[in-house]
Amino acid sequence: MPELPEVETIRRGLEKEVLHKRIIDVQINLPRLIKNLTENQFKTRLTGSFIKTIKRRGKYLLCLLNTKDCLIFHLGMSGLLLYLGKDMRTIPKIKEKHNHLSISFEDASKIIYNDVRQFGKIWLIREGEKLPAIESLGWEPLDDKFTFQIFFDLFRNKKGGIKSQLMNQKYITGVGNIYANEALFQAGIHPQRKSDSLTDQELQKLYFAIKDTLKRAILCDGTTMADESYRNIWGKPGNFAEHILIYGKKNGHCPICGNPLSLIRIENRSTFVCTACQK
DNA sequence: AAAGTAACCTGCCCGC
DNA sequence: TGCGGGCAGGTTACTT
C-alpha cells in the first residue's frame with residue numbers, strides 16, 4: 001500500500017491530532033509486529049511519554065518522544081494508522097480484528113495500528129540509535145538537495161532495468177510500484193530500459209516526472225484504489241486514483257494515444273506499459 | 001551487479 | 001456453491 005505520498009499524508013494527520021498528548025495506555029494484540037523489544041519493554045517505555053515531532057523517512061514514520069525515544073512505523077502493504085477521538089469506537093469498513101496496537105492518550109483519544117496482512121513493522125529505539133533499515137535508505141526524492149546532477153550520477157552507469165532501480169530504496173526512497181509506473185509513463189520511458197541506456201534528456205524527464213507525480217499525489221492525500229485499502233488517519237480515502245494514468249488499468253488504453261496497455265511483470269510486480277508512448 | 005523466486009500474511013476475485 | 005489459483009501500495013533472503 002503506502003508509498004511516500006500516503007505515508008506523508010498520515011504524518012501530517014498525526015501531526016494535527018496527537019502531538020504533546022500524554023500516552024496513558026498501550027495495548028498490543030500482535031506482539032510479533034514489534035521488532036526490537038518485548039511487549040512489556042515497549043509498553044513501559046511508551047507509557048507516560050508524549051510525541052514531540054513526527055518525521056518521515058521514505059516510507060517510514062518516525063515519532064520523536066519527549067523521553068528521547070523514537071517510535072518507528074513501517075506500514076508494509078496494508079498498514080493503517082487510525083485516529084479515534086474521544087468516544088469514537090470504530091471507523092466504517094475497518095475490521096477490528098486487524099487492530100494490532102492501540103495507543104491511548106490522556107484526553108481519551110487513541111491511535112490504532114491496523115494491518116490486514118501483517119507485513120508492517122514497529123520499533124521503539126533510543127533517539128540517535130541507528131536502525132540498519134533506515135540507515136541504508138537513499139535520497140528523499142522531494143528534498144531540495146536531491147538535484148538533477150545527483151539523480152543523473154545515480155543512474156547513468158547502472159546496468160539494470162530502470163523500474164527496478166527506481167523502486168530500490170537504497171537509491172531513492174519512497175517510490176513504490178504505483179508511482180514508479182506513473183513516473184515512467186509520464187517520462188515516456190519503458191520500464192525495462194537499462195538505466196545506462198537513458199539519454200540525458202530522458203533522465204531529466206524522469207527526474208521531473210518523479211517529483212511531479214509525488215507532489216501531486218501528496219496534494220490529493222495519496223492514492224486509494226478500488227479496494228479502498230488505503231485510508232488516512234481519519235479513515236478517509238485519498239483522491240489521487242482519479243489522476244492515475246496507467247497503474248492498475250488492466251485491459252485499459254493509453255490516455256495519450258489510445259492503444260491498449262500491456263501488462264508485464266518486473267521482479268514479480270505488475271507493470272503497465274504503453275509500448276507506443278514508452279520507448 | 002542484476003534478476004528471479006519464495007517467504008512473510010489475509011482477503012478478494014475469477015474461472016471451473 | 002465451493003475450491004484453487006492468482007493477485008494486492010513492501011521488504012528480505014536466497015538462488016541463478
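Just so we're on the same page: letters track the sequence lines, and every chain starts at 1. This structure is a prediction, so every number in the text was calculated from the model and none was measured.
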Between protein and nucleic acid, restricted to nucleotides 2-4 of chain B and to nitrogen or oxygen atoms under 3.5 Å apart, what atom pairs and distances do you find?
from   : atom 1 : to        : atom 2 : distance (Å)
dA2(B) : OP1    : Lys159(A) : N      : 2.7
dA2(B) : OP1    : Gly160(A) : N      : 3.0
dA2(B) : OP1    : Gln165(A) : NE2    : 3.4
dA3(B) : OP1    : Gly161(A) : N      : 3.3
dA3(B) : OP1    : Lys194(A) : NZ     : 2.8
dA3(B) : OP2    : Gly161(A) : N      : 3.2

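Listed nucleotides dT12(C), dG9(C), dT10(B) differ in distance to Lys121(A); the shortest reach to its side chain belongs to dT12(C).
Atom CG of Asp115(A) and atom P of dG9(C) are 15 Å apart (whole Å). In this entry the distance linking NE2 of His100(A) with P of dC9(B) reads 11 Å, nearest Å. Taking atom CG of Leu75(A) as the reference point, atom P of dG10(C) lies 11 Å away to the nearest angstrom.
For the pair His20(A)/Ile51(A), no side-chain contact is recorded, criterion being any heavy-atom separation below 4.5 Å from C-beta on.
Looking at Lys86(A), Lys21(A), Glu17(A) one by one, the single match for side chain to side chain donor-acceptor pair (under 3.5 Å) with Ser109(A) turns out to be Lys21(A).
Once the 5.5 Å centre distance and the 30° plane angle are applied, the aromatic ring of Phe119(A) is found stacked with the base of dG10(C).
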In dot-bracket form, how is DNA chain C paired, counting a Watson-Crick or G-U wobble pair only if both its distances are under 3.5 Å and using | for bases paired to another strand? .|||||||.|||||||

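Taking the six-membered ring where the residue is Trp, Tyr60(A) and Trp123(A) present tilted rings, their angle falling between 30° and 60°.
Taking 3.5 Å as the limit, the base of dG9(C) and the side chain of Ser229(A) contain a donor-acceptor pair of atoms between them.
Taking atom C1' on both dC3(C) and dC8(B), the two are 24 Å apart, rounded to the nearest angstrom.
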